[in-house]
There are 2 protein chains.
Amino acid sequence: MSEELSIDGLSEDLKKKGIHPSYHRLKILEYLMQNKTHPTADMIYKELSKEIPPLSKTTVYNSLKLFLKRGIIQELTIEEKEVRYDADTRPHAHFKCTECGNVIDMAIEPPTLNPERVVEGHKVTECHLYLKGVCKNCLKNPKK
Amino acid sequence: MSEELSIDGLSEDLKKKGIHPSYHRLKILEYLMQNKTHPTADMIYKELSKEIPPLSKTTVYNSLKLFLKRGIIQELTIEEKEVRYDADTRPHAHFKCTECGNVIDMAIEPPTLNPERVVEGHKVTECHLYLKGVCKNCLKNPKK
DNA sequence: ATTCTTGCAAATCATTTGCACTTTA
DNA sequence: TAAAGTGCAAATGATTTGCAAGAAT
């Protein structure tokens, strides 16, 4: 893809965060950056398995957990029993379509999602805005 | 929803929603309305069990699911593996303290959380704003 | 050689399900 | 007596853990 998504670039990103850029880790992060579908661990595993047969789900979980701890991805819990991951850690909202199940990004009025502020005396460090409804596409093409 | 918490009032609320106001259901809803701590199903079960020995967790799950379907409570998925319930269905934000683990309500600038609107062509019907950080209380009394 | 990475298999744990018992109308 | 409510026990399924084998430096 583009140069910012080159394996070399990703490799550098990981090194900067103190993560050894192993092949599996690079592929998992690359997948997350190229697929803005906010996949679950299972989706990532299923897709990458086609390409990388010797890949275990444990490694996917291990890698995601590591990326999360180092702040290079974020976890979305828009729905119970469906933890999704997003390589874009900039503040933005997420919309889940109840028809097609897709989760899409949404630009949202900044003040709301600005982290690192104090509200009512509480120190806020993280913000998630989750919207649900029917997406543009499903509104146009109703199922059934 | 009635403002007072009389059993009679709750009973009427349930009937209006087409839910038979059984003893267990009334106690579960009453607990949710009196305890603004956004408890999990397990917390509700553990607490109510003290009072109502013949109560099974299945009944708690059944009742919560039913209330949810009829729109008299809402589900909070601020954290994975910790689905919480809130009897207040008006738009408001939720803050989870990473120190004490408590989830507290927060009044939030209305436009952000107004449901039933169209954003970027998508029909929004539900909004959740989840904040994380350290609460006022834990800032004052740091642990250890 | 030691440390890091990977991965199988078993453990965990919240939630769901099947079904039988009990209560209510 | 049919329908609704309840609850035990088993099933489910995503995630975690323990540990051993393989890879990297």
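The figures here come from the full heavy-atom set of this structure, side chains too, leaving out hydrogens, waters and symmetry mates. Naming convention: chains lettered A, B, ... in sequence-line order (proteins, then strands); numbering from 1 in each chain.
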Would you tell me if any nitrogen or oxygen in the side chain of B:Lys65 comes within less than 4.0 Å of OP1 or OP2 on C:dT16? yes
B:Tyr61 side chain near C:dT15 phosphate (N/O to OP1/OP2, under 4.0 Å):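 It does, given that an N or O in the side chain of B:Tyr61 lies less than 4.0 Å from OP1 or OP2 of C:dT15.
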Atom [atom1] of [X] to atom [atom2] of [N]: distance rounded to whole Å?
| X | N | atom1 | atom2 | value |
| --- | --- | --- | --- | --- |
| B:Lys81 | D:dA14 | NZ | P | 11 Å |
| A:Ile52 | C:dT6 | CD1 | C1' | 13 Å |
| A:Tyr85 | D:dA14 | OH | P | 13 Å |
| B:Tyr45 | C:dC13 | OH | C1' | 15 Å |
| A:Glu79 | D:dA14 | CD | P | 15 Å |
| B:Leu68 | C:dT16 | CG | C1' | 15 Å |
| B:Asp42 | C:dT12 | CG | P | 17 Å |
| B:Met43 | C:dC13 | CE | C1' | 15 Å |

[X] side chain to [Y] backbone, donor-acceptor under 3.5 Å:
| X | Y | result |
| --- | --- | --- |
| A:Thr98 | A:Gly133 | yes |
| A:Arg70 | A:Lys17 | yes |
| A:Thr125 | B:Lys132 | yes |
| B:His128 | B:Glu126 | no |

Counting neighbours of NZ on A:Lys123 that are heavy atoms of other residues, nucleotides or ligands and sit closer than 6.0 Å, is the number greater than 12? no
Look for any protein N or O under 3.5 Å of an N or O in nucleotides 4-7 of chain D and output each such pair with its distance, or none.
residue	atom	partner	partner atom	Å
D:dG5	OP1	B:Arg25	NH1	2.5
D:dG5	OP2	B:Arg25	NH2	3.3
D:dG5	O5'	B:Arg25	NH2	3.4
D:dT6	OP1	B:Ser22	OG	2.8
D:dG7	OP1	B:Pro54	O	2.2
D:dG7	OP2	B:Ser56	N	3.0
D:dG7	OP2	B:Thr59	OG1	2.6

Less than 3.5 Å apart, any donor N or O on the side chain of [X] or [Y] sitting next to an acceptor on the other?
| X | Y | answer |
| --- | --- | --- |
| A:Asp105 | A:His38 | yes |
| B:His122 | A:Asn137 | no |
| B:Asp86 | B:His94 | yes |
| A:Glu75 | A:Tyr85 | yes |

Measure the angle between the two terminal helix axes of the helix from C:dA1-D:dT25 to C:dA25-D:dT1, five base pairs each, and quote it to 10°. 10°
May I ask you to say what B:Glu82 touches in the nucleic acid, namely base, sugar-phosphate or nothing, with a heavy-atom cut-off under 4.0 Å? nothing
